[in-house]
A.B. asks: 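Structure incoming, see below.
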Amino acid sequence: MATYASMFRSFMALVSWGSAEPWILQELSKWHLEDFDCVQHSSLVDWTSLGNEAAAFNRAWRVKTAPPVHLCPSDLAESKNLREPRRWTGEVGVVLKQPEVAADECPLGAFTAAVMDLICASNCRPEHAVSQQLWSRALRFHRSETGETFANVPSSTGAAWLFGTSAWPVAQLLSKWASNCTQRLPKDPRAAPCSHQPLLAFRTALHRMADATLANVLEASGPKALIFDARLDHFASASLQVLRELAQSTRGHQRFSEYSERRFPHCSVEVATKEVLLLYLRLLGPTVPAVADPLGQMRTESLSTLLASIPMVKLLAGGWPLFAMLAASGLTTWRSHHLYPNAQVQVSDVTNVLKVANEMDPRVSDLTRAGSSHVHRKLWHRLASNELPSLQPIWPRISKWLLQAPEGTPPVVFMTMMWGSMGNQTWTARFLDRAMVVGIPRFIFISPDGNLLEDCEEVAQSHGRKDSYKRLLCVRSFSRFMRPYDVNNYAKFVLLPLLLALGMNYAWLDIDIFVVQNPTSRLLQLADVLSADVLTTDHFDESCLNHGVIFVKASDRTLHWILRYIRWMHVNPFGHDQNGWDALLKHSILNEPFTPPEPNVSLQILDTGLEFLTLTGWAGSTADLTQALLLHLTRTTPIDGHEKRSTFFTLLDATLTSTSREDDLQVLHSVINAIRKDVPQTKRPCYEGVHVAVEPLVHDGTYWLLFK
């Protein structure tokens, strides 16, 4: 029976037949990353300056207090007419003069400028035409003709949660404005009030809870928010009881869909608040079926449409908990949106390199396939000599490094990264030294930390004096740290498209791994024998993937797939990278938002029982020791830093005096013999990143009832 990968190859051959351009170049021409943070060029507004101004405004304002009027234009306080032109200088003024043009370039940035003007000028009178206009514009969905964008990954443009996850502090500003003005706003005599008591009680209760918890995680309003801030879980736990009471008010059935704007048209703020709460709870837990998922396109678009239809005066009169939850959603993310749009490796560079490869040999059907060493070396020579001056500097540097190794060197580059110390300043140097000792042919260490890069260079020089070529390359990564996985997710994947485009297979080893033997030949063998595009580990007793060990075979198909994955991480900052890795490979996790319906690559799981070990268990005997390639110092039950350090350095110190592979294996045996057990016949399902507030609901199954 034909595999999906073979059918994909046949399909792409048909697509490319009769075309002057290979299919991969056609696909790359469709590449697009939405610039939510507006860091790219503009024809009108200096968005970076406006972002800095908005951030300063937000930092100067504490929740439940009056706005920082000292940062407003001096004439605004005296203005009695909101239609009078204000004398904003700088970028806010530019936006207010041409709001529609500015919103076309950057919807969230333009709306942020309008909100700053609203706050400064209105004195809690929200009849502000520009802010209402740009509020609706920022919530407008954009679709391509097919309803999707590059590689079948839907766009998140227009999603309400972007107000909290983008770099623009607009959700925070609206939260603070609402907290300051809710009690002062007069009732609008033109608007019929919500008279449904369960919904009113629901919003009132959430208002009190947000006052006690979420208010304190806003910028400048309490202790700095942590990566996993307990206040987020405290609010979630308390809100669950309120949801239960709301459900019980519908004749005892948990049917929240009954609370719709169609049924309660005068309670649109309350209905929207309920939908935002369900979104907030979904961000703390695992996936749900796409049709019910608040992160799914249908429900996301429905919420945006509802919010855009509500007058700003009504939203700000009763929307404090709604805005507070949108602002807090940014604290549930793993990544920022800024990682990849301005990365050191641009897809335009990948495209240009592949065009050169295609010009060199137009007959080649797979431009990146590893194995054509002499062909790729010609490409490396051209890049190393700066024949393409428009490329980012990383391309000629890595090309020159690849050329140092003689022909016949295994076509694979290993990588790892480090940021921090793991509790011991020598960890990086000791890991890299071990990788060199066991004979890994090419290794790149990437980090934003200058001290760690110096450690790397010392190891490279030490082994460079013994080797015929430089096996270890030290690369600095450039990514701002705003969310917990920004540095890791950037460093781990930013060079992957580059290496594939240069015809090199890619292998990754987490830095908390003890390398027992050189795994190069085994990975190449498995990829060949199993016809696998991607090799990666799962867990000893759990089924979800753990990409602490990765091998990706170089091909146009895998390049296309990894770009889908990178785009998924960009549009979905809530998705844990390991959940997305699993879902895009269609392994064990279903319904992960924004993932394409089918993978275009084949996957094989590495053996964690005998070869690619973890501290959860070892399924072998003394006779199986020679199969052990590495020990990943992780397990599916909690492990603290002290145990990791103790095990890591015990192994390293004991192997310093080893004189043979057999000695190294005996050292390993002294550790893994204590965790000897059989691989379970059935592995438990798993999902990364579930918050403690929803864990009980996940365990008893009621979590999924919330979203029906």
A.B. asks: Would you check if Leu388 and Trp395 make a side-chain contact, meaning some heavy-atom pair closer than 4.5 Å?
C.D. replies: no
A.B. asks: Check the orientation of Phe414 and Phe443. Use parallel for under 30°, tilted for 30 to 60°, and perpendicular for over 60°.
C.D. replies: parallel
A.B. asks: Is the shortest side-chain heavy-atom distance between Pro596 and Arg564 below 4.5 Å?
C.D. replies: yes
A.B. asks: Using side-chain heavy atoms (C-beta onward) and a distance below 4.5 Å, is Leu403 in contact with His381?
C.D. replies: yes
A.B. asks: Walk me through it: do Trp427 and Phe649 pass the test side-chain contact (heavy atoms from CB on, under 4.5 Å)?
C.D. replies: CA-CA 8 Å; Trp427 189 296; Phe649 287 104; 3.7 Å; yes
A.B. asks: Going by the ring-ring contact (aromatic ring centres under 6.0 Å, His included) test, name the single residue among Phe612, Trp508, Tyr506, Phe493 that passes it with His547.
C.D. replies: Phe493
A.B. asks: If a pair satisfies disulfide bond (SG atoms under 2.5 Å apart) and one of its residues is in residues 513-572, list it, with sequence neighbours excluded.
C.D. replies: Cys544-Cys686
A.B. asks: When the ring planes of Trp561 and Trp581 are compared, do they come out parallel, tilted or perpendicular, using 30° and 60° as the limits?
C.D. replies: perpendicular
A.B. asks: Just to verify, what does His539 make a ring pair (Phe, Tyr, Trp, His ring centres under 6.0 Å) with, not counting sequence neighbours?
C.D. replies: none
A.B. asks: Between Arg567 and Glu34 (salt bridge meaning N to carboxylate O under 4.0 Å), is one present in this structure?
C.D. replies: yes
A.B. asks: Before you tell me yes or no, could you show the steps for Asp582 and Glu688 under side-chain contact (heavy atoms from CB on, under 4.5 Å), namely the whole-Å CA-CA distance, both residues' side-chain angles and the distance that decides it to 0.1 Å?
C.D. replies: CA-CA 11 Å; Asp582 185 300; Glu688 293 289 342; over 6 Å; no
A.B. asks: Identify whether the distance between the nearest side-chain nitrogen and carboxylate oxygen of Arg522 and Asp607 falls below 4.0 Å.
C.D. replies: no
